[in-house]
Every structure is written in structure tokens, then in C-alpha cells.
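Heads up, the thing below is written out as C-alpha cells.
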Amino acid sequence: MSIPSFGVGTFRLSGQTVIDSVTNALECGYRAIDTAQVYDNESEVGLAVSQSGIDRNELFLTTKIWVDNYSKDKLIPSLKESLDKLKTDYVDLTLIHWPVPDGEISLKEYMESLLEAKEQGLTKQIGISNFNIELTKQAIDVVGNNVIATNQIELSPYLQNRKLTAFLKSQNIHVTSYMTLAYGKVLQDPVLTAIANKHNATTAQVALAWALKLGYSVIPSSTKRENLASNLLARELNLDNDDMSAIYNLESNGRIVSPDKLSPIWDE
């Protein structure tokens with residue numbers, strides 16, 4: 001299993017804005033694109049990709065199944081619809097977007113359907129998103145060891161998720177960080193700013209380089225070409241032990257995304 005370390009996200013982008021963002025990202029050198037059914041922009045992402053002229057084999061496309069499509073009779077048809085929108089025969093990674101509350105569709109049902117989608121060749125790899133330790137264990141019990149490629153979780157200098165990430169590493173499940181820039185909060189952080197000045201870098205690059213150094217993948221988004229290009233330079237920024245220690249101390253359980261009806265009991 002292999003997940004690219006750096007991709008472009010498309011959350012909250014729509015219409016021409018997402019077309020331009022993905023187009024600019026691809027022109028800047030990005031080859032991994034993250035979308036989701038609920039983002040309602042798969043068609044626009046597909047258009048940007050098809051117009052880029054880049055060979056499909058060079059791209060890594062991720063989408064996520066929305067909770068409305070978790071039932072056995074809906075999951076695979078919804079993924080096929082996503083493929084049509086994305087103008088591709090397969091995606092490289094399909095995730096369960098959020099765990100659903102007990103008493104609704106069972107985790108066993110949607111994980112089995114997701115595995116079936118993989119077996120049908122609709123997706124190369126499968127994974128989960130926003131799962132805590134207990135739910136990840138349950139998912140492994142359904143699909144088996146070394147089948148879940150990644151758990152995509154909110155993770156930033158202010159929410160470092162150390163218990164969960166340690167567990168995922170022990171299970172050979174890759175960590176994908178979303179909200180790494182904490183909705184831009186990192187850009188004004190004095191600690192990160194000092195580190196950025198030390199390395200002649202940007203604070204965004206510092207936050208992204210921190211996650212990369214820990215072995216996580218990142219999927220920052222931007223509507224500005226210059227920011228997309230700048231973010232990529234985080235791959236060349238080598239933070240030292242003092243930098244990493246300073247960022248370690250920024251942990252403050254600063255969770256931003258926690259929808260009432262979908263969120264599990266988070267691991268503290």
C-alpha cells in the first residue's frame with residue numbers, strides 16, 4: 001500500500017473555483033487530489049483532471065463515501081456514480097467519510113461493501129476517515145489486517161492525536177492529516193513564525209513540514225496558485241529537533257471539526 005505524502009484538498013471549493021485550484025495544483029506538480037461525495041465537486045475535479053492531459057497512471061485520486069450511501073444497496077452504486085463524475089474507471093483510494101452512530105447502518109455492513117468495491121476494481125485501496133481507536137479496531141476485524149490503507153484525521157500542531165497516531169502506526173495504517181493548517185490559525189502562531197523565520201520559510205510550510213517529518217501525508221487546499229506552489233516547498237524544509245520539540249508543545253486539543261451526529265468519542 002502506498003499513499004502519496006503530498007496532495008491537494010478540495011474541501012469547501014466548488015464550481016470554477018475548484019476547477020482552477022485543481023488545474024493550478026496539477027500545473028505546479030501535484031499528482032494527488034482529495035475529494036468526497038459530500039463536497040459536491042467531483043464533476044469539477046474530473047473536468048480539471050481530464051483537461052490537464054496528464055496520464056491517469058500518474059495521478060492518485062481519493063474520494064470518500066458519504067453517510068447517506070453506507071447501506072449495502074447504495075455504497076457501490078454511489079461509488080460508480082463518483083467514478084462517472086471523476087471521468088475515471090477507478091479511484092486510487094476510497095474512504096468511509098465518518099463513522100455512523102450506533103443503531104443505524106452497521107460498521108460491518110459498510111466496511112464489507114467497501115471491501116467489495118475494492119475486489120471489483122472500483123478502487124485500488126480502501127480506508128477510513130475520522131475513526132477513533134475503537135472503531136478502527138472494529139474496521140480491521142471486518143476487512144482484515146493490512147487492508148485499511150489510511151485513516152484520514154484532523155491533525156495540526158494544536159491537535160496532534162498522539163494516542164490515535166501511535167495505534168495506527170502499530171497497525172500499519174498510514175496517517176493522512178487534514179486541517180493541518182488549522183483553518184489558517186497556524187499562520188499567526190508566534191512559535192511557528194519564529195521557526196519559519198529561522199529557516200526562511202513560511203509558517204504554512206513549517207506546519208506541513210512538521211506533519212511530513214512525522215511520516216504523515218498532507219492535503220492542504222488553496223485557491224491561490226502562489227500558495228499551492230509555496231506549500232509544496234514544505235517537502236524541502238528539514239525541521240530540526242528543537243523545532244519539532246517546540247511544535248510538540250503546541251498541543252492543546254484544538255479540534256475544529258466535530259459534527260454532533262457523526263463524531264465518535266475522540267481519543268484524548
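Just so you know, residue 1 is the first one in the sequence shown, and it goes up from there.
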Item to check | side-chain contact (heavy atoms from CB on, under 4.5 Å) evaluation trace for H199 with L239 | outcome: CA-CA 8 Å; H199 292 279; L239 301 178; 4.1 Å; yes
Next on the checklist: Before you tell me yes or no, could you show the steps for Y158 and M179 under side-chain contact (heavy atoms from CB on, under 4.5 Å), namely the whole-Å CA-CA distance, both residues' side-chain angles and the distance that decides it to 0.1 Å?
Outcome noted: CA-CA 10 Å; Y158 312 120; M179 216 70 75; over 6 Å; no
Next on the checklist: Run L159 and N253 through side-chain contact (heavy atoms from CB on, under 4.5 Å) and show every step you take.
Outcome noted: CA-CA 5 Å; L159 182 71; N253 195 28; 3.5 Å; yes
Checklist entry - Does the pair V49 and L86 meet the rule for a side-chain contact (heavy atoms from CB on, under 4.5 Å), with working shown? => result CA-CA 8 Å; V49 168; L86 289 165; over 6 Å; no
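Within a 6.0 Å sphere centred on CG of D40, other residues, nucleotides and ligands contribute 12 heavy atoms or fewer. Within 6.0 Å of atom CG in D55, more than 12 heavy atoms from other residues, nucleotides or ligands are found, so the atom counts as buried in its surroundings. Sparse packing is recorded around CG of N241, with 12 or fewer heavy atoms of other residues, nucleotides or ligands lying under 6.0 Å away. Counting heavy atoms of neighbouring residues, nucleotides and ligands inside a 6.0 Å radius, atom CG of N249 exceeds 12 of them. Other residues, nucleotides and ligands contribute over 12 non-hydrogen atoms within 6.0 Å of the NZ atom of K213. Atom NZ of K87 has more than 12 heavy atoms from other residues, nucleotides or ligands within 6.0 Å. No more than 12 heavy atoms of other residues, nucleotides or ligands sit less than 6.0 Å from atom CD of Q188.
Hydrophobic clustering, with ILVMFWY side chains joined whenever heavy atoms are under 4.5 angstrom apart, groups I54 together with V45. In the hydrophobic clustering of this structure, Y90 does not group with I96; members are Ile, Leu, Val, Met, Phe, Trp, Tyr whose side-chain heavy atoms approach within less than 4.5 Å, directly or through other members. The hydrophobic cluster containing I265 does not contain V257, counting ILVMFWY residues as joined when their side-chain heavy atoms lie under 4.5 angstrom apart, directly or transitively. Follow the hydrophobic side-chain contacts under 4.5 Å out from L233 and you never reach L192; the two are in separate clusters. Connection of W210 to I256 is established within a shared hydrophobic cluster, with ILVMFWY side chains joined at heavy-atom distances below 4.5 Å, either directly or through further cluster members.
One side chain, S258 or S263, offers a donor N or O that lies under 3.5 Å from an acceptor on the other. Counted by atom type alone, N130 and Y178 present one or more donor-acceptor pairs between their side chains at under 3.5 Å. Side-chain contact annotation: T63 with Q37, donor-acceptor N/O pair under 3.5 Å absent. Using a 3.5 Å distance cut-off with no hydrogens or angles, the side chains of E81 and N69 do not pair a donor with an acceptor.
Between the side chain of S177 and the backbone N or O of V218 there is no donor-acceptor pair closer than 3.5 Å. A donor-acceptor pair under 3.5 Å is formed between the side chain of S113 and the backbone N or O of E109. Remark: side-chain polar atoms of S230 are not paired, donor with acceptor, to backbone N or O of E226 under 3.5 angstrom. N41 places a side-chain N or O within 3.5 Å of a backbone atom of T10 that can act as its donor or acceptor partner. In terms of modelled atom types and a separation under 3.5 Å, the side chain of S217 and the main chain of P4 share a donor-acceptor contact. Formation of a donor-acceptor pair under 3.5 Å by the N161 side chain with backbone atoms of L164 is not found in this model. Panel note: side chain N146, backbone N172; no donor-acceptor pair is recorded below 3.5 Å. Q205 contributes no side-chain N or O that, together with a main-chain N or O of A196, makes up a donor-acceptor pair within less than 3.5 Å. Here the side chain of K64 pairs no donor or acceptor atom with the backbone of L95 at under 3.5 angstrom. The backbone N or O of I133 sits less than 3.5 Å from a side-chain atom of D267, completing a donor-acceptor pair.
The distance from atom CG of L208 to atom OH of Y216, rounded to the nearest 0.5 Å, is 14.0 Å. With rounding to the nearest 0.5 angstrom, the CD atom of E42 is 9.5 Å from the CD atom of E44. Between atom CD of residue E154 and atom OG1 of residue T180 there is a gap of 9.5 Å, rounded to the nearest 0.5 Å. For the atom pair CD1 of I105 and OH of Y70, the computed distance is 9.0 Å after rounding to the nearest 0.5 Å. Here the straight-line distance linking atom CG of N57 with atom CZ of R31 works out to 12.5 Å at 0.5 Å rounding. Atom-to-atom distance recorded for L61:CG and R56:CZ is 4.0 Å, nearest 0.5 angstrom.
We find that K198 and D243 are joined by a salt bridge, their nearest charged nitrogen and carboxylate oxygen being less than 4.0 Å apart. Classification of R225 and D20 as a salt-bridged pair fails, no side-chain N sitting under 4.0 Å from a carboxylate O.
Summarising the geometry of A32 relative to F6, their closest heavy-atom pair is CB-O, 3.7 Å, with the distance given to 0.1 Å. What you find for V186 and A182 is that their closest heavy atoms are CG1-CB, 4.2 Å.
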